[in-house]
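Down below is the structure, laid out as structure tokens.
Please read these numbers as outputs of a predicted model, since none were measured by experiment. Chain letters run A, B, ... following the sequence lines, proteins first and then strands; every chain starts at 1.
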Amino acid sequence: MEFLGSASDALCIAQARRRQVYDDNSMYKSKNLHAERRRRQKLGDRLLALRSLMNKATIVEDAITYIQMLQRNVKVLSDQLLEIDSLSVEEDEKPTRDEINASEQMKKYGIKEDVKVTGIDGNKLWIRVVFEKKRGGIAKFLEALTSLGFELTDANVATSKGAILVSSCFKGIYGNALGVEQTKKLLQEIIRNM
Amino acid sequence: MYEEPGCFNPNKSMAERTDSGAFQKQFEENMKLSADELSYYHHNHQEDAAVSAMELEFQKHLAFNVKNGDDDPNELLSNDHFNWNAGGIGINQDDPQQNGHRSFDINSLPQTPDLLNLFHLPRYSLLPNSSISFTNSNHDTTPLGFIGELPASDSTSVWYDPLFHLNLPPQPPLPPLLSLSEGGANPLFGDERDSSGVTSYQDGDGGMLEFTRDTACIVRGSETGKMTKPSTTERQKREHFGTKFTVLRNLVPKPTKPDRASILGDAIEYIKQLLSTVNELKLLLERKRCGIERSKRHKTEDDAEGDVDSCNIRPLDDPEQYYNGSVRSSWLQRKSKDTEVDVRVIDDEVTIKLFQRKKIDCLLLVSEVLDELQLDLHHVAGGQIGNYYSFLFNTKIHEGSSVYAGAIANKVIEVMDREYAAVPPTSSY
């Protein structure tokens with residue numbers, strides 16, 4: 001409210017300045033401005049005083065009421081959002097459009113699906129995989145790995161030009177270790193099935 | 001109200017005079033107690049009500065002494081002094097009951113001279129009133145009998161008298177007390193103490209206030225006697241206040257500690273979160289509606305120009321609204337026991353930082369969550385640092401998704417916590 005007050009204040013002041021030069025009525029306008037400002041200040045002060053008068057119990061009660069009101073607002077607004085979402089039908093076209101774009105882009109930039117595996121540091125492997133971007137592609141990839149008993153540690157995933165690059169350490173969850181070649185084949189299989 | 005003692009006066013004057021000495025001794029004892037307690041409680045925030053009650057009692061005792069024996073103007077002055085102390089302490093105090101009490105103090109101050117005169121009339125004139133207000137068995141007893149009971153009943157009724165006198169005149173303070181009637185708890189002072197003489201003072205005060213306010217309230221409660229009834233209402237008041245806190249705690253989604261201060265802190269945080277969520281939702285709705293109108297325009301290029309124009313022009317005219325309406329930005333952090341989430345939303349890009357303490361396959365979990373929320377993962381970076389796992393997710397909101405920062409943070413934390421609960425923490429390997 002104070003913001004509004006000051007905005008209209010500024011407006012009134014600007015107008016008042018312009019008119020004061022020309023018009024006698026401007027006196028009344030600036031008086032009006034003062035009166036308005038004083039009225040707003042009086043209101044603000046009284047609100048502050050009222051808030052200071054509140055005692056423990058009423059403060060807590062008011063907080064409870066306010067929280068409930070806010071919760072209701074959130075619910076109403078999110079319901080409205082869901083309603084609007086359910087009404088809109090354009091979403092069906094979009095996913096396919098994205099996917100077409102992804103493979104096209106990859107071709108355009110000469111990015112190919114790729115799997116590289118190296119052994120590092122004992123049992124650990126380091127992998128570098130490039131595959132086509134899809135909706136939920138990363139999740140699917142990770143899911144496949146997890147289901148086979150592997151996981152990525154210290155992972156980096158980057159997306160660009162319709163392709164996803166995953167570079168990460170690769171480890172077996174249960175301590176199982178695969179050789180480099182086996183891992184490479186496994187990953188290629190996963191990508192192909194995606 | 002002044003008339004009431006008056007009507008009882010002729011009957012009781014004899015009774016009062018005879019027993020005044022005995023009660024005065026009690027008064028003095030209790031005064032000593034209350035003096036000690038006064039100094040102790042004076043600095044205790046929570047005990048202010050007790051202090052005020054005690055001070056009121058003190059003053060009344062002094063008034064009694066003045067009236068009964070000494071007629072010492074100095075004591076009268078100390079009455080005023082104590083009265084003012086009570087009033088001064090009580091100004092910034094919490095419970096409405098206490099406030100009411102304090103206003104009572106201040107209001108009753110000017111009346112002390114008059115009341116002293118009234119005191120010449122049998123002070124037990126009030127006792128029948130008290131027995132009327134409290135439906136105790138004493139009601140049927142003669143004033144003398146009632147008086148006789150006083151020492152046995154821990155001298156509660158003794159305090160009742162002077163208090164009642166003092167409470168008679170100030171009708172105006174009733175409204176603040178009335179505000180409490182919704183709770184049903186009648187205004188009493190402070191915290192309950194054990195069955196010390198001081199406690200009985202407070203109980204007496206409460207009883208008197210009840211009487212002045214609402215006899216119905218007084219009738220409610222124990223019927224055994226004045227002693228228990230004020231304590232039950234005090235307890236009721238305190239319990240009611242405590243229940244409000246528990247209600248607040250139940251409203252707040254994640255209460256960390258059950259103590260009142262942290263409940264309040266959590267409530268404050270929650271209110272802020274709710275406010276930002278409401279703002280975001282409003283913004284989203286706004287953009288959705290504009291977006292829908294725009295897309296309608298793309299589909300049917302004939303009409304809907306007007307709609308789109310109105311939608312687009314509005315932001316352009318007003319520079320501030322344009323900025324707010326077209327770029328959504330919000331930032332929030334949420335914490336749970338083992339997880340910290342930092343979510344930043346700028347227009348349609350969401351940056352999520354995840355920081356957690358135990359070993360969980362968060363990559364998979366979070367990417368699944370993001371898919372659910374229709375967020376396209378663009379970049380992920382992170383790994384293990386010591387015992388902690390830190391990840392940064394850069395995502396883009398899929399077209400048409402109406403997700404807001406609060407929902408994202410909540411979902412992520414929920415999934416993390418669920419996973420923690422499901423998988424007992426194993427040593428990292």
Do Leu285(B) and Ile84(A) have side chains that approach each other closer than 4.5 Å (heavy atoms only, starting at C-beta)? yes
If you count heavy-atom pairs under 4.5 Å between each of Val60(A), Val166(A), Ile67(A), Leu145(A) and chain B, which one has the most? Ile67(A)
Looking at Gly406(B), Gly383(B), Ala407(B), which makes the most heavy-atom pairs under 4.5 Å with chain A? Gly383(B)
Check for a donor-acceptor pair, side chain of Thr395(B) on one end and backbone N or O of Val350(B) on the other, with a separation under 3.5 Å. yes
Looking only at Leu363(B), Asn394(B), Thr277(B), most heavy-atom pairs under 4.5 Å shared with chain A are made by Leu363(B)
Can you confirm whether Lys282(B) sits close enough to Glu286(B) that some side-chain heavy atom of one is under 4.5 Å from a side-chain heavy atom of the other? no
Sequence neighbours left out, what passes ring-ring contact (aromatic ring centres under 6.0 Å, His included) with Tyr388(B)? Give chain and number order. Phe355(B)
Sort Tyr66(A) into side chain, backbone, both or neither according to what part of it lies under 4.5 angstrom from a heavy atom of chain B. side chain
Of all the residues in residues 157-164 of chain A, which have a heavy atom that comes within less than 4.5 Å of a heavy atom in chain B? Val157(A), Ala158(A), Thr159(A)
Quick test of your reading: applying salt bridge (Lys or Arg N to Asp or Glu O under 4.0 Å), list the pairs with at least one residue in residues 181-192 of chain A, sequence neighbours left out, ordered by first then second residue. Glu189(A)-Arg192(A)
Minimum side-chain heavy-atom gap Ile397(B)-Glu349(B) below 4.5 Å: no
Ranked by heavy-atom pairs below 4.5 Å to chain B, first place among Leu165(A), Leu82(A), Leu77(A), Thr146(A) goes to Leu77(A)
Set of side chain to side chain contact (heavy atoms under 4.5 Å, CB included) partners for Glu143(A), sequence neighbours left out: Leu364(B), Glu368(B)
For a 4.5 angstrom cut-off between non-hydrogen side-chain atoms, does Gln384(B) reach Asp154(A)? yes
